[in-house]
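Note that the structure is predicted; figures quoted are calculated from it, not measured.
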Amino acid sequence: NLLYNISVKQGAINLETPDLHKKSMKDMLSNPNKDMKQMLELLVKENYGLSYAFTEEGTDKTMKINFTAEEIKELK
């Protein structure tokens with residue numbers, strides 16, 4: 001899997017709603033720029049997933065959002 005670790009300020013996003021954030025990220029990834037499209041195609045080709053880990057600064061609160069290779073393939 002390709003993992004992005006993202007540090008966010010306290011209260012910047014609600015880490016208790018991963019399903020809502022996954023939907024938003026799915027919408028964003030459904031209309032990728034050229035570079036992102038190439039990366040997504042490579043992930044599918046290699047059967048890799050894509051993961052995002054959001055960690056709130058100064059705390060141990062983390063929210064993970066995962067996309068399997070199959071989910072990436074289905075993005076449109």
Side-chain angles (χ1 to χ4, degrees):
N1 279 355
L2 174 61
L3 172 63
Y4 284 100
N5 286 303
I6 303 167
S7 180
V8 295
K9 293 185 183 218
Q10 286 185 350
I13 63 172
N14 183 352
L15 299 179
E16 304 296 322
T17 57
D19 292 339
L20 177 63
H21 291 290
K22 184 170 183 173
K23 182 186 179 322
S24 294
M25 294 189 80
K26 183 177 179 180
D27 291 344
M28 179 186 70
L29 293 171
S30 293
N31 189 23
N33 65 27
K34 178 184 172 187
D35 294 333
M36 179 64 84
K37 184 175 182 174
Q38 288 176 336
M39 185 193 68
L40 294 173
E41 289 171 351
L42 179 60
L43 290 172
V44 169
K45 177 183 173 191
E46 298 299 325
N47 199 34
Y48 284 2
L50 176 62
S51 299
Y52 293 89
F54 294 88
T55 303
E56 196 172 69
E57 292 177 354
T59 73
D60 60 352
K61 294 179 184 175
T62 300
M63 173 183 65
K64 291 185 180 176
I65 297 174
N66 301 302
F67 292 93
T68 64
E70 189 61 35
E71 287 175 307
I72 295 169
K73 186 177 181 179
E74 294 173 359
L75 293 173
K76 298 209 177 176

Exercise. Would a 4.5 Å heavy-atom cut-off, applied to side chains only, mark Leu29 and Leu50 as touching?
Worked result: yes
Exercise. Can you name the nearest heavy-atom pair linking Gly49 to Asn1, along with the distance?
Worked result: N-OD1, 2.8 Å
Problem set entry | Atom pair CG (Asn33) and CE (Met39), whose distance is rounded to the nearest 0.5 Å | 9.5 Å
Problem set entry | Ring geometry between Tyr52 and Tyr4 (parallel below 30°, tilted from 30 to 60°, perpendicular above 60°) | parallel
For this session: Return yes when atom CD of Glu57 has more than 12 non-hydrogen atoms of other residues, nucleotides or ligands closer than 6.0 Å, and no otherwise.
Result: yes
Exercise. Going only through I, L, V, M, F, W and Y residues with side-chain contacts under 4.5 Å, is there a path from Met28 to Ile72?
Worked result: yes
Exercise. Does any non-hydrogen side-chain atom of Met25 lie less than 4.5 Å from one of Phe67?
Worked result: yes
Exercise. Would Thr68 and Glu71 count as a side-chain contact (heavy atoms from CB on, under 4.5 Å) if you check the C-alpha gap in whole Å, the side-chain angles of each, and the deciding distance to 0.1 Å?
Worked result: CA-CA 5 Å; Thr68 64; Glu71 287 175 307; 3.3 Å; yes
Seminar exercise, completed: Rounding to 0.5 Å, atoms OG1 (Thr55) and CD1 (Ile6) come to a distance of 9.0 Å
Exercise. Which pairs with one or both residues in residues 24-41 pass salt bridge (charged side-chain N to carboxylate O under 4.0 Å, His left out), sequence neighbours excluded?
Worked result: Lys23-Asp27
Problem set entry | Residue from His21, Glu56, Gln10, Lys64 passing side chain to side chain contact (heavy atoms under 4.5 Å, CB included) with Leu15 | Glu56
Exercise. Looking at CG of Leu20 and CG of Asn14, how far apart are the two atoms once the value is rounded to the nearest 0.5 Å?
Worked result: 8.5 Å
Exercise. With hydrophobic residues grouped by side-chain heavy-atom distances under 4.5 Å, do Leu3 and Met63 end up in a single group?
Worked result: no
Problem set entry | Pairwise distance CG(Leu43) to CD(Gln38) - rounded to 0.5 angstrom | 12.0 Å
